[in-house]
Structure formats: C-alpha cells, structure tokens
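Only one structure is covered here, and it is reproduced in the block below.
For ligands, and for the atoms within them, numbers begin at 1 and follow the listed sequence.
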Amino acid sequence: MALYTRVKESIAVITLKNPPVNALSTAVRRGIVESLSQALQDEQVKAVVFCGENNTFCGGADIKEFSGSMSGPPLVPMIHSIEASEKLIVAAIEGVALGGGLELALGCHYRVADTNARLGLPEVTLGLLPAAGGTQRLPRLIGITAALELITTGRHISAKEALKLGIVDQVIEGNAVLAAMALALSVIGQPLNARRLSLQAPAWVPDVDYVCEAALARVKQRSRGAMAPVACVQAVRAAAMLPYSKGMEKERQLMDMLFRSSQARAMQYAFFAQRSAGKWSLPNGAQWNNTKARNVERVGVIGLGTMGQGIAVSLVKAGISVVAIEVDTKQLELGKKAVTAMLQRYAQRQGVSSPLHLLKFTLSFHQLRDVDLVIEAVFEDMNLKKRVFSELCKVLKENTIICTNTSGLNVDELAAVTDRQHLVVGMHFFAPAHVMRLLEVVYGSGSSPEAVAIAMALGKRMQKVCVAVGNCSGFVGNRMLKHYMDQSVYLLEEGATPEQVDQALEEFGFAMGIFKVADLSGLDVGWRVRKASGLISPDIDPVKPSRWRFGRRYCPLPDMLCQQGRLGQKTGHGWYLYNSPGSKEAKCDPEILKFLEDYRLKYGIIPRRISSQEVIERCVFSLANEGLRILEEGITAGPEDIDIIYLFGYGWPRYRGGPMFYAAQVGLSVVLEKLEHYHHLQPDVPSLEPSQLLRKLVAEGSPPIQQWKSHIKNLHSQL
Ligand SMILES: CCC/C=C/C(=O)SCCNC(=O)CCNC(=O)[C@H](O)C(C)(C)COP(=O)([O-])OP(=O)([O-])OC[C@H]1O[C@@H](n2cnc3c(N)ncnc32)[C@H](O)[C@@H]1OP(=O)([O-])[O-]
C-alpha cells in the first residue's frame, strides 16, 4: 500500500509501504494512484514528495507477481500521470531506487538522494527491460551512451555517481525526505515542462547507429545468446530515433516479447534461487534462522599457492585480519608479493586506502594461536592435509574452526585426525578465489550447525554466494561435472572434434566450451586425480590403453594427451593450439584431428556425424541426472542450491536458470526418455541410467521445480 500524509501547509508525502523493499505490488500501485489523486484534488497541496518506508525508496516491480496474472493499475500510465501532474512532485530516494522504483523517480520532476542510496535499472538481470518508460526517459536525461551502459548491464550505482550523471538533482547527508520537502518549497511555482523528461527532444548523438552497433557487439560478447540485453539496446536506440510516444510503443513491444520468454522465467527463478540458497538447512533440522554464528575477526590461511592467495585477498577485502602461512621463505616471499600486488591494485581501483595492515605473513604455526578460524589451502593431497590438521590442533584455541579448502576430498576423514570434529567444515573456493563468487560450504557428519553457520556467514562477508552441501566425492559441482566431461570425451571417440563440442556448448550459452576450460585449467589436474583414484596404473598398455576400467566405459584420450606433454594453455597446446605457452587464443590444431583419426582407427571406431543437439543432450542431461541423484541423497537442500552452484561456479548461462531448472523447462519426461535412449546405447555408462528421483517425478506428473522438495522428502517411503 501507500500512505498519504499532509505535512506542512502545502506538501503531501506519499510513502510506499511493502516491506522489505517496498516493491511495486498491486496494492502499492493502487495506493499510489489513490494517494496521488487525493493530493491533486486537495487545493491546499502544492507539492508532493514520494518516499519509501524504512529508509528504502523502492526495489522495483514486485517480481513475485510476474509469474501470476498481473492486475491493478499498470506502471506506465501511473508514472505518466505523476509526470503530467500540474503539482510539483519530488522523489526522496533513500536505500534503493531500482527498476520500476527508479522509473517512478524518473517520472517525478526532481530527485533527491541520500549519500548511501543505490540506483539502477537491473531489469536486464531478470531477462527484461525497464519497460515503465525507463528506456525512453533515462537516455533523455543522461544521454544515449551512459543510458546504454546502465540499462544493458543493470549495474547499481552510488548516489554520488547518479549525481555526476545527472540522474539526481541533489545528494544529501541525512534525511532525504526533509531535503526533498525543502527543495519542493524552493522551486514551487516554477514551470514544470522542462522537468518532464517525456517532453524533451530525443537524446541525440552524432552517430546513433555506430554507438548502438558497438553496444550490441559488447552485449553479444558478454552474454552470448541472451535476448534481454539486445532488446535493451533496441529500446534505447528508439529513444534516439523516435518521438517519445513511438519509443514507448517500441519499449512495450520488446517487453511483451521478453516477458513471455523462457529466458525471463529462468532469470527470475535464478533471482529467488540465490536468496533461497542463503537460507541454508541441514538434514538434522538446523538452519539459517535457528543457528547463531559467532563473529570471526582473525583468520589463518595455510598455504599461499594460487588458492591461498585468492582466499587471503578476499578476506582482507572484507576487512578481516589474516595470518598467512607458508612452509619456506621462498614460497612465503612469492605468496606475499602476489597478495600484496593484488591488494594494492584493488585499493588503487577503488580509491580506498591500502588494507595491507590487516595482513601478517609468517612461517610459524604458533602465530595462529589466537585466530578464530583457519582455512587450510595446501596442495590437494589427503596425507599432507591430515598432517597440517594434526599440527593445527597443537596450536589453535580450543574453539577455533578449522576449514579445508578442498575440491572433493573427504571432509570426515580429515576431521577424524583432529581433536574437534564438530568444528571442521569444508570451504570449497573456486579459482581464482578472489574473483569467483561461488563457495561450497561442506558439512561433514560431525560438523556442528554453529560451525556451518560461521563458515556461511564468513563466506557472505567475503561477498561469496554460499551454498551448504553435504560431504560426498566431488561435493556437488565437481561430482556432476565428471559426467558432463565423460560424455564430452566419448563424443570425441565417436566422431566429434573439440571445436564441434565446444561450439555446441557455447551456442547453448556456456561462457566457454568444456575443452577450452580444460586447456585453461590444465589437463594435468584431472590426470592427477585419475592416477590417485587408481584409474591409471602401470599395467595399462601405453600404446593401446583399455577403454574400460572397473567394468565401465573409460576414455583414455585425456591421459594420452598428457603423456604427450599437451597440458593445455600453459604448454602452448592441449585440445587446442596456442601461439605460445600461456597465450589464450585457442586455435584448431590439425595434429589433434589427426590424433583423433588415428585413435579411432586403432580401436576400429567408425566415426559418425554428431549433431549439436546430441552434444547438448548427452552432456547436459547426464549432468542434470547426477544433480537429481544428489537431491535424492539429500546432499543439498533443494534444486535451487544446485542451480546456484552452476550459475556462479561453472559458467552456466543465467538465462537457462541452471541444470535443474533447465531439465524442468525441457520437460522431465523428455529428459527421462533421452537418458533411457542414450543409456540403451551406452549400457556401460551407469551415470546415464535415469535416477530414481527423475522416474518418480515423471511418474507423479512432473511437478514444478518449486515443489520438488516435498517429493524428495517422500522418495523412499513412496517407492
Ligand atoms: C513494467 C515492468 C518494469 C519494471 C520492472 C522491474 O522493476 S523488475 C524489478 C527490478 N528490481 C530489481 O531487480 C531489484 C531486485 N532486488 C535486489 O536487487 C535486492 O533485493 C535489493 C538490492 C533491493 C536488496 O538486497 P538485500 O541483500 O538487502 O536483500 P535481498 O536481496 O535478500 O532481498 C530481501 C527480500 O526482498 C525480496 N525482494 C527484493 N526485491 C524484490 C522485488 N523487486 N520484488 C519482490 N521481492 C523482492 C527478496 O526476494 C527477499 O525476499 P525474502 O528472501 O526475504 O523472502
């Protein structure tokens, strides 16, 4: 709703009320229309101030309403009547003015913001565009180029930047509502036409086509296959080329197309899934709102390799003191240099003072005696990690939490060597740890809810998107990825090339194809894991290695590449060829094509043409099938957790929602049918066998993804 109040003699205040962010729900829009009409009818009122309850102006349209049938007064005419009002209207922006909230403010004649306010048009991140006049008013206010940048990225900006761009008229320290009233009193009576953005001439630039083409190229490169950023450019272009009413018509047409799209549904799902992942729960009933996390101020980081460096940087950026440890002086110096350089660059970019005083580098474990939490980030080797854990227990305070940064080792096995199993948790960071947003927080069988809460809260402070996951080999992300990677190399055996597979995956929307990712990470990473797990042993024929291991299909191609020293970008060749070791531009390598031909000949495989559809079905459905098994086992609390892991850690296209959402959107019965088909063709690939949960969900009529949790709960009792 909206609250109408008369203050002073001539001013009315309309306060949006819809906690927590005063989203423009049906009730709020109705309240605005009614309150505005009241203000316009009251002869004594000369000016109106719009503000939001609880120091929050407005978080935009109510996203929850997008999935139902919209009712109540629409935003466009509502904002138009605000702008057309003969009485002066000022927006008092506190907290946030986002999406429809900023569009409402753009309909007002003046805008005042407090210093902490954040403004933006983030509709593009929900698969939409600012269709309440935002694409037409903002370019008229700040010009095409700046408007294109804000609308196509959805970036939130500070009040200071908004002032510089001309979006707000005043930024004040203190109460924005009082400042808006003062401004209103000072300008009452002045003509308003110059303040009505829709009446301004189109936002002219010398070469609109050039500017828009460049913006189009940028958005296509940044978010391949996404419709919304392209539509945003088209709408802003209309603001430059067409009169306001025609531009609004274009905005509406584009919004109609986006609003009905599967991409918009996926991105809105992702918005809520991210918030749902933050509300973690454990199988024992402990959850985010019934478990207290004690504060962490000093953290030890053990190991200053690439991961340890990134973790230390993220901690310091969050204002947390770090004691960083290495084994010898040389490693310590190398780590210190890298961490210091990253933090100095960060301070320079942000214009803040260098936070280096928060860091201490040392060779001595004794320096850890008063830290609240330790993150061990040594080499991925169980025995080494166990030794470190035992050493730690000798020096740490008795309530210090011990976290291991591992991408898949057994957290329980590590905890067993300590004197505090309840305080041991996994923290799986993704490389580079100071850039990647995802953090899997892994609870072991003995981890206490408090330890999980502390790790989740620390991750959040480090600006990570944290997902609590159970302890299993590879946890969630890597466990699923294994099946996706297996299928990609089987496809090479059967006739595909690395470029064909990558192209299909990139057209699907992945930031990078699987073989490019493998080259970037280094092919030796997986090689080491396969050796450690016994898949590669000395008795395997080096000339014609077996294509079956432990009774299952196995593809030795990646091992054979490693044996040839083709380890990826770092050696200048892997699945692709690079100009020199370390260079990034992947080129097709005729040697690889010949190598694949020889391989197929050697094993008597007749190559066949493989369609992009088959690539996607085999890679993506096997990934989703493993996700369903993870749900079945209760490793995550719900499908949203898995999707968030893939969106933030594995370059999954946001406009496809995540692997679980994608499976639901394609249709679970289709996924089941395809998996059955591929499993029939590859009976020695157990991961293609449809999961029990998939069969159950299909048998129960493929319920919407939001209802899966209740079906999972009853899985075993109902079958
Ligand atoms: C014609 C159409 C044109 C216009 C289109 C639009 O305006 S599209 C919209 C354009 N606007 C946007 O894209 C802004 C989207 N919102 C945000 O970016 C952030 O929420 C924030 C920066 C406003 C606050 O961040 P924060 O970290 O302080 O808090 P938090 O993120 O945890 O959220 C707290 C709670 O509020 C909920 N909720 C939030 N917004 C909305 C909403 N609009 N609606 C409904 N609900 C919303 C959120 O789900 C959560 O609920 P829960 O889990 O407690 O039940």
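- Using 4.0 Å as the threshold, Leu126 has a heavy atom nearer than that to some atom of ligand 1.
- For the pair Val96 and ligand 1, the shortest N or O to N or O distance does not fall below 3.5 Å.
- For a threshold of 3.5 Å applied to N or O pairs, the pair formed by Ala23 and ligand 1 contains no separation below that value.
- Aromatic rings from Phe510 and Tyr650 are positioned such that their centres are separated by 6.0 Å or more.
- Separation of the Tyr662 and Tyr646 ring centroids does not fall under the 6.0 Å cut-off.
- Some N or O of Ala61 is nearer than 3.5 Å to an N or O of ligand 1, by distance alone.
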Chi angles and distances behind the salt bridge (Lys or Arg N to Asp or Glu O under 4.0 Å) call for Asp256, Arg260
CA-CA 7 Å; Asp256 282 352; Arg260 287 192 307 267; 5.2 Å; no
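- Using a 4.0 angstrom heavy-atom cutoff, Gln274 does not count as in contact with ligand 1.
- Polar contact check, Ile63 against ligand 1: a nitrogen or oxygen pair lies under 3.5 Å apart.
- Taking the ring centre of Tyr269 as origin, the terminal cationic atom of Arg265 falls outside the region bounded by 6.0 Å and 45° from the ring axis.
- Note that OH of Tyr4 is 7.0 Å distant from CD1 of Ile14, once rounded to the nearest 0.5 Å.
- A heavy-atom separation below 4.0 Å is found between Glu103 and ligand 1.
- Any N or O atom pair closer than 3.5 Å counts here, and Arg275 shares at least one such pair with ligand 1.
- Within the 4.0 Å heavy-atom cutoff, Pro130 does not count among the residues contacting ligand 1.
- Comparing Leu102, Leu75, Leu24, Thr56 by heavy-atom distance to atom 1 (C) of ligand 1, the nearest is Leu75.
- Residue Lys279 has at least one nitrogen or oxygen atom sitting less than 3.5 Å from a nitrogen or oxygen atom of ligand 1, judged on distance alone.
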